[in-house]
Amino acid sequence: MTAEGRFPDEPVICFMKQLQDKVAIITGGSRGIGKVTAQTFLEAGAGVSVWDIDREGGELALKEWLAQGFEVDFQLLNTAEKGSVEAAAQAVADRFGRIDILVNNAGITRDSSTKNMTEAQWQSVIDVNLSGVFHCTKAVYPFMAARGWGRILNASSVVALYGNFGQANYVAAKAGLIGLTKVWAREFGPKGITLNAVAPGFIQTDMINTIPAEYLNDLLTKTPLRRMGQPQDVANAYLFLASEQAAFITGITLSVDGGLVV
């Protein structure tokens with residue numbers, strides 16, 4: 001063993017550039033958790049393609065990142081549209097030469113009690129939060145399989161684990177992602193591709209603004225860490241699962257919720 005506490009043949013891992021030379025796609029990356037994840041991946045050495053339906057937010061974020069000298073692009077698209085997703089995946093491969101990581105982060109809410117929920121509210125959430133993940137994953141799989149390496153990360157939610165009033169559509173989609181993660185871990189593992197889900201708790205983003213203050217205060221008292229999560233907390237989990245340090249982890253759902261469901 002060396003003076004640094006390593007065995008002689010043990011590789012030295014650099015934690016500053018965990019994603020050096022990797023190429024990542026991050027859906028819903030123009031703001032909130034997605035934007036912070038994109039920034040984190042860029043700083044870790046990855047080239048990043050952000051896919052989002054928000055033109056203004058995406059173009060503003062792109063301008064910021066290009067000014068910092070990062071290798072990044074923005075593609076305006078709706079992940080619920082299969083053809084657009086397939087074209088976007090090919091565009092990433094053509095520009096960057098590879099696709100290594102997919103973060104299925106895009107999601108929407110259309111909350112309502114089940115008795116009042118319309119067909120449109122139900123279907124729009126399923127289309128983006130569940131079917132959109134299916135389209136994106138299927139589109140990038142051939143590029144990862146061809147190289148024998150890949151990381152696919154699905155944004156589930158703490159509510160997928162215990163339910164939430166008025167979110168039948170959202171919970172159904174996010175719980176579905178946990179199941180898909182396990183199926184794809186089995187199907188894609190032989191090709192060197194890992195599949196994991198992250199289940200954030202209540203994170204300080206724009207989406208939180210729709211939650212009544214008294215409900216949020218109640219949640220904080222039930223959270224052992226006594227605070228709301230920050231987007232960086234989730235981005236850090238994505239970074240770890242996308243890195244070589246998580247090479248033998250697949251099929252899990254990692255809760256990032258301050259202990260809310262303990």
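Values below: all heavy atoms of this structure, side chains included; hydrogens, waters and symmetry mates excluded. Computed from a predicted structure; not experimentally measured.
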Polar side-chain atom of [X] near backbone of [Y] as donor-acceptor pair, under 3.5 Å:
X    : Y    : answer
N129 : I108 : yes
N196 : G251 : yes
K222 : L260 : no
D233 : Q230 : yes

Inset, instruction - Salt-bridge test for D54 and K35: reply yes if a basic N is under 4.0 Å from a carboxylate O, no otherwise. - result: no
Atom of [X], atom of [Y] and distance for their closest heavy-atom approach:
X    : Y    : answer
A242 : I101 : CB-CD1, 4.0 Å
S243 : Q18  : CB-CB, 4.0 Å
V36  : A235 : CG1-CB, 3.9 Å
F240 : A246 : O-CB, 3.2 Å
S124 : R110 : OG-CG, 3.5 Å
S255 : L161 : OG-CD1, 3.6 Å

[Y] and [X], any side-chain heavy atoms less than 4.5 Å apart:
X    : Y    : value
T137 : L102 : yes
V103 : F41  : yes
I178 : K174 : no
T109 : V125 : no
L77  : V85  : yes
V128 : N78  : yes
E244 : R151 : yes
T205 : P231 : yes

Is it true that [X] and [Y] fall in one hydrophobic cluster, defined by side-chain heavy atoms closer than 4.5 Å?
X    : Y    : value
V183 : I152 : yes
V158 : V171 : yes
L195 : I249 : no
I26  : L19  : yes
F143 : W149 : no

Value rounded to 0.5 Å, distance of [atom1] in [X] from [atom2] in [Y]:
X    : Y    : atom1 : atom2 : value
E56  : S30  : CD    : OG    : 10.0 Å
T194 : F248 : OG1   : CZ    : 12.0 Å
L225 : L220 : CG    : CG    : 11.0 Å
L239 : T40  : CG    : OG1   : 7.0 Å
N105 : D52  : CG    : CG    : 9.0 Å
Q204 : L216 : CD    : CG    : 8.0 Å

Inset, instruction - Could you pull out all residues at least two apart from Y141 that satisfy ring-ring contact (aromatic ring centres under 6.0 Å, His included)? - result: F188
Inset, instruction - Applying side-chain hydrogen bond (donor to acceptor under 3.5 Å, both in side chains), run through E64 and Q68 and close with a yes or a no. - result: CA-CA 7 Å; E64 295 173 3; Q68 296 175 61; 5.5 Å; no
Inset, instruction - For the pair I193 and W184, evaluate side-chain contact (heavy atoms from CB on, under 4.5 Å) and give the outcome as yes or no after the intermediate values. - result: CA-CA 9 Å; I193 303 168; W184 288 337; over 6 Å; no
Inset, instruction - Evaluate the criterion salt bridge (charged side-chain N to carboxylate O under 4.0 Å, His left out) for residue pair E86 and K82; output intermediate values, then yes/no. - result: CA-CA 6 Å; E86 292 173 341; K82 178 175 177 287; 2.9 Å; yes
Inset, instruction - Could you tell me whether R31 atom CZ has more than 12 heavy atoms of other residues or ligands within 6.0 Å of it? - result: no
Inset, instruction - Please check if atom CZ in R95 has more than 12 non-hydrogen atoms from other residues, nucleotides or ligands closer than 6.0 Å. - result: yes
Legend entry - Derivation and outcome, side-chain contact (heavy atoms from CB on, under 4.5 Å), residues D100 and R147: CA-CA 9 Å; D100 301 294; R147 298 181 63 86; 4.0 Å; yes
Legend entry - Pair V133-T79, side-chain contact (heavy atoms from CB on, under 4.5 Å): steps then yes or no: CA-CA 7 Å; V133 172; T79 58; over 6 Å; no
Inset, instruction - Check the pair N104, T27 against side-chain hydrogen bond (donor to acceptor under 3.5 Å, both in side chains), reporting the backbone distance first and the verdict last. - result: CA-CA 6 Å; N104 284 308; T27 69; 4.7 Å; no
Legend entry - Verdict with reasoning, E71 to F96, per side-chain contact (heavy atoms from CB on, under 4.5 Å): CA-CA 9 Å; E71 186 70 16; F96 293 93; 3.5 Å; yes
